[in-house]
*Asks:* 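My questions will all concern the structure given below.
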Amino acid sequence: MAESPVENSVQQRVVVLEEENVALKIQLEQAHAEIKTLRTSASMASQQDPGSIDAPVPLQELTDLHLKLKTLRREQMDADAAKEAAWRSLKSVIGQVTHLATTAAPSQNQGSTGGGI
């Protein structure tokens, strides 16, 4: 049995629509790839200093810098605490020397006046 002209036309239309469908799927995949690229670029740009957009910083380097900064802050806190402890110790020693000087001075003065009589 021969196909009717309507069936033949419908089959041709189905073939054309299938080809269009394949072409549209390819375009869609390309659009998704472009969106992914743009999102990655936008994400990288938002994490950078506006002056350094031309030179992106790798994530590992950024992580290393944050760890180094954290270490330096901790060391600075330790150094500040040691400085305060040394300052307190110095003040204490100065206080003791001053106390000894004031208590020793009158006894030395009495000894020199008493010895001269």
Side-chain angles (χ1 to χ4, degrees):
M1 243 185 178
E3 293 182 11
S4 70
V6 173
E7 288 177 338
N8 192 20
S9 175
V10 169
Q11 285 181 350
Q12 288 176 349
R13 183 69 180 143
V14 166
V15 169
V16 169
L17 290 174
E18 286 175 346
E19 290 172 355
E20 287 179 10
N21 187 30
V22 169
L24 288 173
K25 283 183 180 180
I26 291 171
Q27 286 179 347
L28 182 61
E29 288 175 10
Q30 290 171 342
H32 281 297
E34 185 178 0
I35 288 170
K36 184 177 180 181
T37 302
L38 291 172
R39 282 184 178 161
T40 302
S41 297
S43 175
M44 289 176 62
S46 69
Q47 293 175 357
Q48 296 173 356
D49 180 46
S52 67
I53 290 178
D54 295 334
V57 178
L59 181 60
Q60 183 60 42
E61 185 177 340
L62 191 59
T63 303
D64 291 344
L65 289 172
H66 280 291
L67 289 174
K68 186 174 182 178
L69 182 60
K70 186 176 180 180
T71 301
L72 289 172
R73 284 181 178 155
R74 189 175 317 125
E75 289 174 358
Q76 182 64 47
M77 287 175 42
D78 292 344
D80 288 343
K83 180 183 85 171
E84 288 299 319
W87 188 246
R88 281 191 304 272
S89 177
L90 179 61
K91 284 181 180 179
S92 173
V93 168
I94 290 172
Q96 290 173 358
V97 168
T98 303
H99 177 71
L100 289 173
T102 56
T103 52
S107 64
Q108 286 179 347
N109 288 339
Q110 288 175 358
S112 62
T113 27
I117 297 180

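Just so it is clear, the structure is predicted and the values come from calculations on it, not from any experiment. Heavy-atom basis, side chains included; hydrogens, waters and symmetry copies ignored.
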*Asks:* Enter the distance from Lys68:NZ to Thr63:OG1 here, rounded to the nearest 0.5 Å.
*Replies:* 14.5 Å
*Asks:* For the hydrophobic clusters of this structure (ILVMFWY residues joined by side-chain heavy atoms under 4.5 Å, transitively), does one cluster hold both Leu24 and Val15?
*Replies:* no
*Asks:* Please report the C-alpha distance between Glu75 and Leu72 in whole Å, then the side-chain angles of each, then the deciding distance to 0.1 Å, and finally whether the side-chain contact (heavy atoms from CB on, under 4.5 Å) criterion is met.
*Replies:* CA-CA 5 Å; Glu75 289 174 358; Leu72 289 172; 3.8 Å; yes
*Asks:* What's the spacing between Gln30 CD and Ile35 CD1 if we round to 0.5 Å?
*Replies:* 12.0 Å
*Asks:* Can any side-chain N or O of Thr37 pair as donor or acceptor with the backbone N or O of Ala33 at less than 3.5 Å?
*Replies:* yes
*Asks:* May I ask you to test the Ser9-Arg13 pair for a side-chain heavy-atom distance under 4.5 Å?
*Replies:* no
*Asks:* So, the side chain of Thr40 versus the backbone of Lys36: is there a donor-acceptor pair under 3.5 Å, distance only?
*Replies:* yes
*Asks:* Ser89 side chain to Ala85 main-chain N or O, any donor-acceptor pair under 3.5 Å?
*Replies:* no
*Asks:* Step by step, work out the side-chain contact (heavy atoms from CB on, under 4.5 Å) result for His66 and Leu62.
*Replies:* CA-CA 6 Å; His66 280 291; Leu62 191 59; 4.0 Å; yes
*Asks:* Any chance you could lay out the side-chain contact (heavy atoms from CB on, under 4.5 Å) test for Ser92 and Gln96, step after step, and finish with the verdict?
*Replies:* CA-CA 6 Å; Ser92 173; Gln96 290 173 358; 3.7 Å; yes
*Asks:* Check whether Thr71 reaches the backbone of Leu67 with its side chain - one donor and one acceptor, N or O, closer than 3.5 Å.
*Replies:* yes
*Asks:* Could you check if a side-chain atom of Glu18 sits within less than 4.5 angstrom of a side-chain atom of Val22, using non-hydrogen atoms only?
*Replies:* no
*Asks:* Just checking Glu20: does its CD atom have more than 12 heavy atoms from other residues, nucleotides or ligands closer to it than 6.0 angstrom?
*Replies:* yes
*Asks:* To the nearest 0.5 Å, what is the distance between CG on Leu69 and CG on Asp64?
*Replies:* 12.5 Å
